Amino acid sequence: MIEEISHNKKKFGYILRYKKKFGVNFLTPKNLSHQVGFIKHKTKHLIKPHKHYKNIRKIEYTSEVLIMLSGKLRVDFYSDKEKYLFSKIIKKNDIIILNSGGHGFKVIETVEMIEVKQGPYNTKFDKKVFDNINDDVVKIK
């Protein structure tokens with residue numbers, strides 16, 4: 001299941017909750033800069049050797065993918081003007097792709113997660129931290 005995260009017609013990202021079925025199952029829309037799939041094969045299945053072609057791609061926004069291994073995480077979403085908008089809860093086995101707007105996190109239950117983003121990553125030019133933390137009233141969508 002793919003849940004599109006949007007607010008006032010702006011797409012902030014996607015939450016991927018998937019069934020572990022056999023084969024190669026891509027979960028994301030084909031136009032995203034991160035392509036995420038779930039792959040499951042039986043013992044002795046052969047994946048043919050292959051290579052990928054060099055392609056030049058224009059990346060306009062650093063996006064990130066969080067793969068939840070365990071725990072529960074509240075994801076807070078912010079407008080481009082750094083105003084709190086709403087929150088979502090993600091948990092074990094969920095995958096979230098954040099590709100627009102601002103975001104922050106609050107750990108609800110101890111989490112283990114993997115983060116993937118485009119690189120090379122430059123902390124000086126790829127990220128702005130702001131102080132508009134909303135930990136009082138949370139609107140969970």
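This one's a predicted model, so the numbers in the text were calculated from it and none came from an experiment.
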*Asks:* Below 4.5 Å, heavy atoms only, C-beta onward: do Phe105 and Asp76 meet side chain to side chain?
*Replies:* no
*Asks:* Side chain to side chain contact (heavy atoms under 4.5 Å, CB included) with Glu109: which residues, sequence neighbours excluded?
*Replies:*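 Checked Glu109 against side chain to side chain contact (heavy atoms under 4.5 Å, CB included); matches are Lys72.
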*Asks:* Using atom types as modelled and distance alone, determine if a side-chain donor or acceptor of Gln35 lies under 3.5 Å from a backbone N or O of Leu32.
*Replies:*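 Side chain of Gln35 to backbone of Leu32, a donor-acceptor pair under 3.5 Å: yes, one is there.
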*Asks:* Using atom types as modelled, flag every donor-acceptor pair under 3.5 Å from a side chain in residues 37-54 to any protein atom, sequence neighbours excluded.
*Replies:*
| residue | atom | partner | partner atom | Å |
| --- | --- | --- | --- | --- |
| His41 | ND1 | His45 | NE2 | 3.4 |
| His50 | ND1 | Lys48 | O | 3.1 |

*Asks:* Test your reading of the model: is there a side-chain donor-acceptor pair from Asn93 to the backbone of Lys91, 3.5 Å cut-off?
*Replies:* no
*Asks:* Report the C-alpha distance between Val65 and Ile95 in whole Å, list the side-chain angles of each, state the deciding distance to 0.1 Å, and finish with yes or no for side chain to side chain contact (heavy atoms under 4.5 Å, CB included).
*Replies:* CA-CA 7 Å; Val65 178; Ile95 299 169; 3.6 Å; yes
*Asks:* Is the shortest side-chain heavy-atom distance between Ile97 and Ile15 below 4.5 Å?
*Replies:*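 Heavy-atom side-chain distance check fails, nothing below 4.5 Å.
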*Asks:* How many angstroms lie between atom OG of Ser79 and atom CD of Glu82, to the nearest 0.5 angstrom?
*Replies:*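 Result: 7.5 Å between the selected atoms.
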*Asks:* Go through it in stages, so that I can follow the logic: the residues are Tyr78 and Lys83, the test is side chain to side chain contact (heavy atoms under 4.5 Å, CB included), and I'd like the CA-CA distance, side-chain angles, deciding distance and then a yes or no.
*Replies:* CA-CA 5 Å; Tyr78 295 83; Lys83 180 181 178 258; 5.9 Å; no
*Asks:* Any side-chain heavy-atom pair from Lys88 and Phe77 closer than 4.5 angstrom?
*Replies:*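 Side-chain contact under 4.5 Å: yes.
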*Asks:* Is the shortest side-chain N to carboxylate O distance from Asp80 to Lys10 below 4.0 Å?
*Replies:*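 Looking at Asp80 and Lys10, the cut-off is met.
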*Asks:* So how far is it from His7 NE2 to Ile5 CD1, rounded to the nearest 0.5 Å?
*Replies:* 13.0 Å
*Asks:* Please determine if Asp94 and Lys92 form a salt bridge, counting it only when a charged side-chain N lies under 4.0 Å from a carboxylate O.
*Replies:* no
*Asks:* Side chains of Glu4 and Lys11: does their closest heavy-atom pair fall under 4.5 Å?
*Replies:* yes
*Asks:* Contact between Val111 and Met68 at the side-chain level, heavy atoms closer than 4.5 Å - yes or no?
*Replies:* yes
*Asks:* Please determine whether residues Ile2 and Phe26 belong to a single hydrophobic cluster, defined as Ile, Leu, Val, Met, Phe, Trp and Tyr linked transitively by side-chain heavy-atom distances below 4.5 Å.
*Replies:*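 The answer is no; the residues belong to distinct hydrophobic clusters.
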*Asks:* Examine distances only and state if a side-chain atom of Thr28 and a backbone atom of Val36 form a donor-acceptor pair shorter than 3.5 Å.
*Replies:*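 At least one qualifying donor-acceptor pair exists.
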*Asks:* Quick check: do Met113 and Leu66 have side-chain heavy atoms less than 4.5 Å from each other?
*Replies:* yes
*Asks:* Indicate yes or no: at least one non-hydrogen side-chain atom of Tyr14 is less than 4.5 angstrom from one of Leu27.
*Replies:* no
*Asks:* Taking atom NE2 of His103 and atom CD1 of Ile96, what is their separation to the nearest 0.5 Å?
*Replies:*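 Answer for the NE2-CD1 pair, His103 versus Ile96, is 8.5 Å.
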*Asks:* Do His34 and Glu64 have side-chain N/O donor and acceptor atoms under 3.5 Å apart?
*Replies:*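 There is no such pair (donor and acceptor under 3.5 Å, judged by atom type) between the side chains of His34 and Glu64.
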